[in-house]
Amino acid sequence: MTNKEAFKEAKSYIPGGVNSPVRAFGSVGGEPFMVSYGKGAYLVDVEGNRYLDFIQSWGPLIFGHCDKDIENAVIETAKRGLSFGAPCELETKLAKLICDEFENVEKIRFVSSGTEATMSAIRVARGYSKKDGLIKFEGCYHGHSDALLVKAGSGATTYGNASSSGVPEDVVKNTYLAKYNDLASVEAIFKSGAQIGAVIIEPIAGNMGLVPACNEFLKGLRALCDEYKAVLIFDEVMSGFRASKHGSFEFNKIKADMVTFGKVIGGGMSAAAFGGKAEIMDCLSPDGAVYQAGTLSGNPVAMAAGIASISKIYKDEKLYDRLGLLAKMLVEGFKEAADKNGIDLQICTRGSMFGFFFTKDEVKNYDDALKSDTKMYAKFHRAMLNRGVYLAPSQFETGFICSVMSEDEIKFAVDMANEAFKEIKNG
Ligand code: PLP
């Protein structure tokens with residue numbers, strides 16, 4: 001089957017042909033290719049075309065596709081049973097690997113997706129603080145649970161329905177929206193008398209494109225949460241073990257009360273987690289009154305993939321430096337190519353995460369991000385794809401470097417960007 005035929009068939013059975021909207025290429029036009037397999041830094045489609053993959057499953061695959069250590073861990077563990085629904089030591093092992101490195105994560109609970117992690121973290125935070133109000137930030141995406149789908153980034157922004165239909169107003173009445181990197185907007189909510197029990201933020205936002213929070217802003221946020229006794233939740237589903245070994249902490253030195261993880265901690269399998277101070281986490285059932293559960297939570301195969309992934313990260317002290325240099329080399333190359341062709345481009349990296357916006361002004365929040373020229377992004381995306389480079393099919397996403405990418409591959413992508421911008425300019 002060709003890509004076109006395979007996607008047409010998918011569309012007859014699956015809404016939009018995809019199981020997560022952004023995969024459908026809606027904002028960049030054209031149709032997605034159908035993946036046959038992944039290998040190292042590359043994806044190969046059903047027609048045999050190869051793409052240098054800067055998405056890496058939207059972050060989890062920090063060691064690329066089919067990493068041997070993760071693959072072996074998965075295969076060996078699968079032979080002992082795919083799921084137990086009972087405690088197993090692999091869960092404790094992964095929990096230890098994370099808790100021992102994060103001072104503010106004394107206890108952790110595993111779930112199967114980032115959506116569950118943030119949803120559950122908020123429930124615990126509310127149970128602990130005994131206050132229902134929740135502050136979230138415009139352009140931040142925390143998965144697709146009802147209360148969080150208000151001015152959300154990622155696919156929600158891509159498809160222009162940042163606040164989803166089907167979410168009852170009653171459910172979001174306790175969700176207060178603040179502006180990213182704007183402390184006054186947060187302070188105003190606290191001062192309004194709203195009973196805020198939790199504040200959730202991507203300390204390195206990756207779902208409106210890549211927009212890190214400024215240090216002063218996070219410091220102020222920490223102080224406000226302390227003053228008003230609200231639980232500060234850092235959603236590091238994307239940035240955890242991606243921006244650095246300690247996620248955002250290495251950039252801003254701010255500790256949240258709770259942290260959510262996903263993506264890299266599952267090494268490509270379905271694992272995510274939420275954790276925090278023991279005093280907060282002990283509110284969870286069976287010890288406490290906050291209910292939360294999952295049939296496949298702490299799944300042994302997913303735990304094994306996570307253990308292999310995190311252990312490999314801990315063994316390689318230079319990993320994030322190397323990935324960070326490659327990320328910089330890539331976007332600086334893009335910037336130089338854009339400059340040569342008179343195209344405005346803003347670039348940003350945080351460790352192995354990279355982002356770029358087609359706008360002349362610095363991007364510090366969601367409104368700034370929305371000013372990016374999305375038509376230009378679409379043209380660039382298509383021109384790069386035609387040259388074998390797979391970038392996120394939306395302006396409002398982040399790109400990822402994996403450890404098996406070489407400088408030559410980055411140079412190749414930059415060469416292709418030079419060709420792409422020239423082609424776009426010549427119209
Ligand atoms: N939080 C953040 C910061 C994310 O980037 C994502 C997904 O991209 C999620 C939560 C939701 O995770 P999942 O897609 O595993 O439900």
Side-chain angles (χ1 to χ4, degrees), residues 18-23 54-62 109-123 125 134 136-159 162 164 175 180 198-213 218 232-244 247-249 251 256 258-275 292 294 296-299 302 305-306 309 350-355 366 369 392-400:
V18 291
N19 286 304
S20 199
V22 78
R23 298 177 194 171
F54 285 107
I55 301 179
Q56 294 295 328
S57 187
W58 302 98
L61 309 180
I62 196 163
R109 180 165 279 178
F110 293 107
V111 287
S112 300
S113 71
T115 296
E116 279 179 86
T118 56
M119 181 182 79
S120 310
I122 288 164
R123 188 177 304 146
L134 167 73
K136 89 167 274 288
F137 292 84
E138 292 173 6
C140 283
Y141 177 70
H142 306 288
H144 62 93
S145 66
D146 282 354
L148 291 166
L149 272 185
V150 192
K151 278 217 174 183
S154 192
T157 294
T158 299
Y159 287 97
S164 170
T175 306
Y180 203 74
V199 175
I200 187 163
I201 187 167
E202 288 180 78
I204 298 174
N207 287 294
M208 49 176 142
L210 181 60
V211 185
L218 284 183
L232 178 59
I233 306 168
F234 277 180
D235 180 359
E236 304 236 33
V237 164
M238 186 188 289
S239 54
F241 296 98
R242 251 298 171 190
S244 81
S248 65
F249 183 77
F251 297 90
M258 296 188 77
V259 186
T260 57
F261 299 94
K263 301 195 189 253
V264 175
I265 71 152
M269 297 288 297
S270 301
F274 60 103
Q292 184 279 335
L296 292 178
S297 293
N299 173 271
S309 174
R350 279 292 179 278
S352 65
M353 299 163 71
F354 69 86
Y366 188 50
S394 162
Q395 169 68 90
F396 307 110
E397 300 288 351
T398 288
F400 302 96

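Residues: numbered from 1 along the sequence shown. Counting starts at 1 for both ligands and their atoms, following the listed order.
- The backbone N or O of Thr175 sits nowhere less than 3.5 Å from a side-chain atom of Lys136 that would complete a donor-acceptor pair.
- Under a 4.0 Å criterion applied to the non-hydrogen atoms of Met238, ligand 1 contributes the atoms 5 (O).
- Near Asp235, the atoms of ligand 1 lying under 4.0 angstrom from a non-hydrogen atom of the residue are 1 (N), 2 (C), 3 (C), 10 (C).
- Ligand 1 places these atoms under 4.0 Å from at least one heavy atom of Ser113: 15 (O), 16 (O).
- Each of the following atoms of ligand 1 lies closer than 4.0 Å to a heavy atom of Gly114: 11 (C), 12 (O), 13 (P), 15 (O), 16 (O).
- Ligand 1 lies out of reach of Glu236, whose nearest heavy atom is not under 4.0 Å from it.
- Taking the six-membered ring for Trp and the full ring otherwise, Phe396 and Tyr141 have centroids separated by 6.0 Å or more.
- Thr260 places no side-chain N or O within donor-acceptor distance of the main-chain N or O of Thr118, the cut-off being under 3.5 Å.
- Panel note: side chain Tyr366, backbone Lys151; no donor-acceptor pair is recorded below 3.5 Å.
- In this structure a side-chain-to-backbone donor-acceptor pair under 3.5 Å is present from Ser120 to Glu116.
- Listed by number with element, the atoms of ligand 1 under 4.0 angstrom from any heavy atom of Thr115 are 11 (C), 12 (O), 13 (P), 16 (O).
- Atoms of ligand 1 found under 4.0 Å from any heavy atom of Gly143 (numbered from 1 in listed order, with element): 9 (C), 10 (C), 11 (C).
- The contact set between ligand 1 and Asn207, taken as ligand atoms under 4.0 Å from a residue heavy atom, comprises 2 (C), 3 (C), 4 (C), 5 (O).
- Under a 4.0 Å criterion applied to the non-hydrogen atoms of Lys263, ligand 1 contributes the atoms 5 (O), 7 (C), 8 (O).
- For the 3.5 Å distance criterion, the side chains of Arg109 and Gln292 qualify, holding a donor opposite an acceptor.
- For Ser248 and Glu236, the side-chain atoms include at least one donor-acceptor pair closer than 3.5 Å.
- The proximity of Glu202 to ligand 1, defined as any non-hydrogen pair under 4.0 Å, is limited to the side chain.
- Using cut-offs of 30° and 60° for the angle between ring planes, the Phe54 and Phe354 rings count as perpendicular.
- Using a non-hydrogen distance threshold of 4.0 Å, Trp58 does not register as a contact of ligand 1.
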